[in-house]
2 protein chains.
Amino acid sequence: MSDSKIRNMDDFASVSGISRPTISKYFNDADSVRKSTRERIEKALARYDYQPNFYAMNQNRRLTKNVGIVIPYMSDPFFAEIARNVENHVIAAGFRPIVLGSQGNPEQEIENLNNLRLIKPAGVLLAPLGRMSDSERIAAFCADVPTVLFDANIENVGEAFIGSDNEQSIGLIVEYLCRTGEPPAFFEMRKPTNPNALKRRNAYVRSMERSGHKPHLIQVEGEGWDFEEIGFREGSRVLADRTLPTDTILCSNDRLAIGLLSAAYQLGMPVGLGENCTLRIAGHDDHPFSRYTCPTLTTVSQDYTSIAKKSAETLFSLIETEQRAQSRETTLFDGRLVMRGSA
Amino acid sequence: MSDSKIRNMDDFASVSGISRPTISKYFNDADSVRKSTRERIEKALARYDYQPNFYAMNQNRRLTKNVGIVIPYMSDPFFAEIARNVENHVIAAGFRPIVLGSQGNPEQEIENLNNLRLIKPAGVLLAPLGRMSDSERIAAFCADVPTVLFDANIENVGEAFIGSDNEQSIGLIVEYLCRTGEPPAFFEMRKPTNPNALKRRNAYVRSMERSGHKPHLIQVEGEGWDFEEIGFREGSRVLADRTLPTDTILCSNDRLAIGLLSAAYQLGMPVGLGENCTLRIAGHDDHPFSRYTCPTLTTVSQDYTSIAKKSAETLFSLIETEQRAQSRETTLFDGRLVMRGSA
DNA sequence: ATCATATATTTACGCGCGTAAATTATTAAT
DNA sequence: ATTAATAATTTACGCGCGTAAATATATGAT
């Protein structure tokens, strides 16, 4: 076990007795070298745990196996979950995923794309910040790198968009709420920071009108990504006012709902379907946490799995055909009602 | 505005009329060039938005301004928060932070360190997975790169350790609980995955014995990082059994407590300090979410700020002196009791 | 054994940048 | 104006790897 430090591919070529270009070829595609050669390389690999320098690799390469995945917020469990899903597809297809979070910051989002450029990705899966995004620079990026948008759309940017059908999913829960009790008011931020908020607002309004009810928007103040805090603070105020025309509140997303549930609890307003309950609260997204709220949160889950799968597959076919999409396709998946305790 | 694409430093040197080595020097330290030169460069920079290739930069460099930050789990809000704190200090000191999460996976943790190696970091701030960590390979890394451990200790690895005094913080809350009601049982995973769990268990036992009470450990099954789910599932079982010798439960961390609170709620067992409450539940860490549980979670907060600051400063002084620490220092900060509604 | 074919090696250059040494230009002080 | 100090430029090489072309070797079929 002569473990003299292997510092680069040249060193490894020496100890394995094979030329560097062949080693390079092996790492690019293990099956592109003769079987006997491959075995010799792998035997050497087992003794000296050499690994090519990832960044040097990408420096002078035509095609790479790198796929960038960019999400709006790393520590939001909703995005973390969908990113994990996408990542698995990318790995399964033999690509190397690089996941980056934009921390709610449009500049960070552009910086992420610029950083991805440096490793010459074969393609990128981008869940943009949405309205806040610097769509011009994102479009410029998409012109150079095959990019598929998911979760949030930016019109005419990227080769395709895959997301949820907010019209359907909001319609679903509005219909459910109307059918089982009073029609819901819609709780949201006046100037929402998260991507699909405006779509959901409009979907709510239309859905209410369709079933002959008057929409009621509760638009609260607040900025940034601390949605629970906003839901709690503004929710406390709204609930304490007791000026709501309904006992049912549909929140634009689960994180607002979580804050609102906490507010209701502290005001001693029992939430749920029980006899003594004075309030029903519903959310949207099936946030990982919504299983543990008190009461558990009735919500509508996005079809993570399908969105992740379709996004990845769309990108792969773009990469394989090595050409841009003729037309920009939009795919929307249906949400699924998740009935729990809160409504 | 002749925006012919600037592809590299050579191109930028041409359009700015300054030699490439000088440009390189400028990017390395803007004050190292003459003021008039600097202004010419910055004028050109404003017109052509060139930015040096980060990875090529680090390829043949002696010293870099990169500082790696590695945390056990990216999407755990607790770690996300402390990482954000550390990151700010790193930026303020003029370094460039690179944050990586190990996703609870020891191999990923090693891979993160290996990836950091490639960008030749000036130093690394590492919050290790703890017991699960491949401490041998981490030690090997620390031998090459100045590394400061925080949050979780690995004996004799790294130049220093900065964390919380679990003995103190657990003692604090045990004392509080004992003083204000029945002495607590300790709710934890039999084989804990998170770093400080064993320290906390021992601290609990000692603290109970010190105040003359018999410790009672509730050690539940479960693996992985889905603590809320474990807290809920096992908590439901434990609470339904009604075999607890006490009405007070101290959880090893807030995430377990969140699951347990949910279990109690669903079993109709009111938690808190009210007359009709049959249970008190407390946690540890002051998880960002513990403000929104029902009832809000009484816990003990770690001194994020101080830990982040001291960790960063320790690393900076190591980097500046360009030498290893004579002795491995350990700094522990006190926790602070956060009294809320649950206990 | 002979030959065509597949595979490996050699050689040489490129990626985008850091860095060192020698040279030249600029600045500030005399 | 002269000089010494400072800063910029030129030149040249290196980092760790990809890649292409020419050459050499191994393989398998005849």
Side-chain angles (χ1 to χ4, degrees), chain A residues 5-42 44-45 48-66 96 114-122 144, chain B residues 5-42 44-45 48-66 96 114-122 144:
Chain A
K5 292 270 168 70
I6 307 296
R7 299 218 161 277
N8 52 38
M9 205 177 265
D10 265 318
D11 287 1
F12 183 71
S14 302
V15 299
S16 63
I18 297 185
S19 74
R20 191 181 65 73
T22 304
I23 305 275
S24 171
K25 212 172 164 212
Y26 166 84
F27 276 111
N28 191 23
D29 175 8
D31 286 321
S32 67
V33 302
R34 203 185 294 145
K35 211 171 93 186
S36 61
T37 313
R38 179 175 165 174
E39 279 161 4
R40 282 168 64 200
I41 295 177
E42 278 164 0
L45 225 42
Y48 312 88
D49 65 339
Y50 165 73
Q51 210 179 314
N53 182 316
F54 176 72
Y55 301 109
M57 254 175 60
N58 297 321
Q59 190 131 22
N60 189 25
R61 209 174 202 171
R62 301 202 174 294
L63 290 102
T64 72
K65 286 285 192 180
N66 305 327
R96 170 171 178 143
N114 284 336
N115 278 334
L116 283 177
R117 256 208 173 93
L118 305 181
I119 55 169
K120 306 199 173 144
D144 298 341
Chain B
K5 294 271 168 68
I6 306 297
R7 299 219 160 277
N8 53 37
M9 204 177 266
D10 264 319
D11 286 1
F12 183 71
S14 302
V15 299
S16 64
I18 296 183
S19 74
R20 192 181 64 73
T22 304
I23 305 275
S24 171
K25 214 174 163 209
Y26 166 84
F27 277 111
N28 190 24
D29 175 9
D31 287 320
S32 68
V33 302
R34 204 184 294 147
K35 210 171 94 187
S36 62
T37 312
R38 180 175 165 177
E39 279 160 5
R40 283 168 63 201
I41 294 177
E42 278 163 2
L45 226 40
Y48 313 87
D49 66 336
Y50 165 73
Q51 210 179 315
N53 182 315
F54 176 72
Y55 301 109
M57 254 176 59
N58 297 320
Q59 189 129 23
N60 189 25
R61 208 173 204 171
R62 302 204 172 291
L63 290 102
T64 72
K65 287 285 193 178
N66 305 327
R96 170 169 178 144
N114 284 337
N115 278 334
L116 283 178
R117 256 208 172 94
L118 303 181
I119 55 169
K120 307 202 171 132
D144 298 341

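Both backbone and side-chain heavy atoms feed into the values below; hydrogens, waters and symmetry mates do not. Chain letters run A, B, ... following the sequence lines, proteins first and then strands; every chain starts at 1.
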Pro21(A) side-chain proximity, nearest of dT11(C), dT19(C), dA8(D): dT11(C)
Stepwise side chain to side chain contact (heavy atoms under 4.5 Å, CB included) test for Ile119(B) and Thr64(B): CA-CA 8 Å; Ile119(B) 55 169; Thr64(B) 72; over 6 Å; no
Using a cut-off of less than 4.0 Å, is there contact between a side-chain N or O of [X] and OP1 or OP2 of [N]?
X	N	result
Ser24(B)	dC17(C)	no
Tyr50(A)	dG16(D)	no
Thr22(B)	dT9(D)	yes
Asn8(A)	dG16(D)	yes

Gap between atom OH of Tyr55(A) and atom OH of Tyr55(B) - 0.5 Å precision: 4.5 Å
[X] [atom1] to [N] [atom2], straight-line distance once rounded to whole Å:
X	N	atom1	atom2	value
Arg34(A)	dT9(C)	CZ	C1'	11 Å
Arg117(A)	dC17(C)	CZ	P	14 Å
Asp29(B)	dT19(C)	CG	C1'	15 Å
Leu118(B)	dC17(C)	CG	C1'	16 Å
Ile119(B)	dC17(C)	CD1	P	16 Å
Met57(A)	dG16(D)	CE	P	15 Å
Glu39(B)	dA7(D)	CD	P	15 Å
Gln59(B)	dC15(D)	CD	C1'	5 Å

Does [X] reach a base, just sugar-phosphate, or nothing at all? Heavy atoms under 4.0 Å.
X	answer
Phe12(A)	nothing
Arg20(B)	base
Ser36(A)	nothing
Tyr26(A)	nothing

Aromatic plane relationship, Tyr48(B) with Phe12(B) - under 30° parallel, 30 to 60° tilted, over 60° perpendicular: perpendicular
Gln51(A), CD atom: more than 12 neighbouring heavy atoms under 6.0 Å: no
Neighbour count above 12 (heavy atom, 6.0 Å) for Asp29(A) CG: yes
